[in-house]
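All figures in this text were calculated on a predicted structure; none of them were measured in a lab. Quick note on labels: first sequence line is chain A, next is B, and so on, each numbered from 1. Only this structure's heavy atoms are used, side chains among them; waters, hydrogens and symmetry mates stay out.
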Amino acid sequence: MTRILQSDKLDNCVARWREAGLTVIGPVKNESSSSYAAVEKAAEFDFSLIMPDRSIKELFFPQTEPMLHYTIKKQRIDTSDFTPPPEKRIIFGARPCDASGLAIDDPLFGWDYKDNFWFQRRDTTVIVTIACTKADDFCMCTSLKLAPDSTKGSDVLLRPLQNNKGWQVEELTDRGRDAFNEIADLLQDGSGPAAPTAVVAEKFNLDACVAWLQNPENFESTFWREISMRCIGCASCTFLCPTCHCFDFQDEGDTYSGIRRKNWDSCSFALFTMHTSGHNPRATQSARWRQRIMHKFNYFPGKFNVNSCSGCGRCSRQCPVDMGITETLQAISTLPS
Amino acid sequence: MTIQETYKARVKKLLASGTVKMVIGYKPGTTADRRRPHFIRTPEEADQLVLDSACITNLSGYLLSEGLLSDEKAVAIFLKPDGIRSINILAAEAQLNSEQILILGFDSNDNQVTALEGEKVEEFTTLIESIKEQAPEALKNPLLEQIEGMTPKERFAFWQGEFSRCIKCYACRQACPMCYCRRCIVDCNQPQWVNTSSHTLGNFEWNIVRAFHLSGRCVGCGNCDRACPVNIPLRLINAKMAQEVLGAFDHFSGMSHTQEPVLASFKKDDSETFIL
């Protein structure tokens, strides 16, 4: 029997989870921007958003994060590690594309060593995803073989009820079950009809794109220059992307002591690959855009067997010059491989 | 014939005759309200050209794309008055030769697009002078006045809140026609002069450095403000600096292609009795 969580009980759930020591996080919109942010009351959530402007990534991989404190002495260097706060969290109302993005990045952060900054947060966060009943012109999850009700990366999937008064609860993992056991008495048995999931048209043929990208002859194609001519080289697409994960180390302090930080970095920047000699192997914006597409749909799947894109569409939605993955892959779809 | 069609015919003629090698304009975007920059090199490519009130991006920054102007061939570009002023600044700062630029001027008010007479940047001087006349009024903004009414502490808190969303994507810089430095100060990393971290200090450093660097240079096109993915009201900072520079030095950016940059010029009759 499916269980139902009614919207009017959500405030009690938030209170219950908070009493149990969980930080409750969800989609929040203020005047100018939206993100996944901590709330105290259910009324602070905004489930009407297609998705928050900022992806869920920053809750696991913050834009800037201290890694270690260093002190340089005459004969030795002392360091002390920072570790992420051992806070337990529940993210209520993640979008399936955001949750999938986390699952896509898990093998990356656990590849040659286990990145504790990522996994400590992953291990202590419950992800409760709400299936999408609305999409906009930029959504493209179906093109990535995902769906508006994908369960990938989620601990619980909620399907909005047709009457808009609650959600069907689908527990997917033990972590999800534990979190919902906390509020078991606030749930109802039953299975009111779920609202239809959003219709997201397939925008490009992924397999055809991947085949074209895998053909080494296309690496030097003039296509890259044409498609990226208007790219201005900012990092809006990479920083809003739920799967882009590149970072830079920065030491902040003086000669004797300071903090080493991990900051988001972007392949869109010329500085990203600049050598100390001044030579830049990715000297042009088209080479940088090619890298972004190749990384997501050729190199990353080559290593981890999954595309580094969950189809949220933020790259196109927020691009100052209306570029993005959709346009590029649509164009590639039409090229002979 | 609509203005769009008139301009389309003109663009085709400019390309067919070889008068210009490229026209930078607009084409349809992903959604009905979006326009994309469009680089037109053949008369056929002009078929996609769009000119309407949704064409708001100041395209002048593309003129500095590496190698574009180095063959000394002419390039035509669709510009609103703010973009035309950008050409004057870029020429005054020796970033381009305005002789090479053929302006396809337009303006839009109340969703109506009107054509602007002229091709060379000098031909728009009267228009720019009239914009300067209106500037003290046009630069006014209720939110700006509200911020000016705050105590320094409140003001600091306001900007701290706004800047706290900054993710250091540098979309503001990249979208700005005036941010053409080959190597931005934040990218100078030996030593790292400006923190790249998006913590409070780093965010203040970046946004204040940029505000000063744009003082007397910003034309208020709004590219930075629209590009910001987290909607920091950058227009307020630039409008405030424009007000200051206008009030203190009677300097309005982009008046002519020989106008001296306000922060790089010295006048003996300057009202200040000292140099900082």
| query | For atom CG of A/D254, is the number of surrounding heavy atoms from other residues, nucleotides or ligands below 6.0 Å larger than 12? | reply | yes

| query | Under a 4.5 Å heavy-atom cut-off, does chain B meet the side chain of A/S266, its backbone, both or neither? | reply | neither

| For A/C237, is it the side chain, the backbone, both or neither that has a heavy atom under 4.5 Å from a heavy atom of chain B? | neither

| query | Between B/R182 and chain A, which part of the residue has a heavy atom less than 4.5 Å away: side chain, backbone, both or neither? | reply | neither

| Point-to-point distance, once rounded to the nearest 0.5 Å, from CZ of A/R261 to OG of B/S198 | 8.0 Å

| Which atoms form the tightest heavy-atom contact between B/A171 and A/C234, and what is the distance? | CA-CB, 3.3 Å

| task | Output, in order, the C-alpha distance, side-chain angles, deciding distance and verdict of side chain to side chain contact (heavy atoms under 4.5 Å, CB included) for A/T284 and B/E66. | result | CA-CA 9 Å; A/T284 59; B/E66 200 165 323; over 6 Å; no

| What part of B/R34 gets closer than 4.5 Å to chain A, counting heavy atoms only: side chain, backbone, both or neither? | side chain

| field | From CA spacing to verdict: side chain to side chain donor-acceptor pair (under 3.5 Å), B/T196, A/N263 | value | CA-CA 8 Å; B/T196 62; A/N263 293 342; 3.2 Å; yes

| query | How close do B/F39 and A/R230 get, heavy atom to heavy atom, and via which atoms? | reply | CE1-CB, 3.5 Å

| task | Taking the side chain as every heavy atom from C-beta outward, state whether B/Q192 and A/Q250 have any atom pair closer than 4.5 Å. | result | yes

| Which region of B/C188, side chain (C-beta onward) or backbone (N, CA, C, O), has a non-hydrogen atom less than 4.5 Å from a non-hydrogen atom of chain A, or is it both or neither? | neither

| CZ on A/F269 to SG on B/C169, rounded to 0.5 Å | 7.0 Å

| request: State, yes or no, whether a side-chain contact exists between B/N195 and A/E252 at a heavy-atom distance under 4.5 Å. | output: yes

| Validation row: B/Y62, A/I232 side chains within 4.5 angstrom (heavy atoms) | yes

| How many angstroms lie between atom CD of B/Q190 and atom OG1 of A/T276, to the nearest 0.5 angstrom? | 7.0 Å

| said: Is it the case that over 12 heavy atoms from other parts of the model lie below 6.0 angstrom from the CZ atom of A/R225? | reply: no

| query | Between A/E31, A/E226, A/E65, which has the largest tally of heavy atom pairs under 4.5 Å with chain B? | reply | A/E226

| note | CG (A/L271) and SG (B/C184) are apart, to the nearest 0.5 Å, by 10.0 Å

| message | Show the nearest heavy-atom pair for residues A/S236 and B/P229, with the distance to one decimal. | response | OG-CB, 3.8 Å

| task | Identify which of B/I24, B/N231, B/I167, B/N189 forms the greatest number of heavy-atom pairs closer than 4.5 Å to chain A. | result | B/I167

| said: Looking at A/E40, I want to see if its CD is surrounded by more than 12 non-hydrogen atoms of other residues, nucleotides or ligands under 6.0 Å. | reply: no

| message | Can you give me the closest heavy-atom contact between B/R36 and A/V321, atom names plus distance? | response | CG-O, 4.1 Å

| query | Can you check side chain to side chain contact (heavy atoms under 4.5 Å, CB included) on A/S32 and B/R165, steps first, answer last? | reply | CA-CA 10 Å; A/S32 47; B/R165 294 196 302 277; 3.2 Å; yes

| Can you check side chain to side chain contact (heavy atoms under 4.5 Å, CB included) on A/D53 and B/V230, steps first, answer last? | CA-CA 7 Å; A/D53 294 339; B/V230 294; 6.0 Å; no

| query | Would the number of heavy atoms belonging to other residues, nucleotides or ligands and lying under 6.0 Å from NE2 of B/H213 be above 12? | reply | no

| Does the pair A/D136 and B/T31 meet the rule for a side chain to side chain contact (heavy atoms under 4.5 Å, CB included), with working shown? | CA-CA 10 Å; A/D136 67 9; B/T31 52; over 6 Å; no

| request: Check whether any side-chain heavy atom of A/M274 sits under 4.5 Å from a side-chain heavy atom of B/D187, and report yes or no. | output: no

| message | Can you confirm whether the side chains of B/T30 and A/R317 place a donor and an acceptor under 3.5 Å from each other? | response | no

| request: Using non-hydrogen atoms and a 4.5 Å limit, figure out which bit of A/Q285 sits close to chain B: side chain, backbone, both or neither. | output: neither

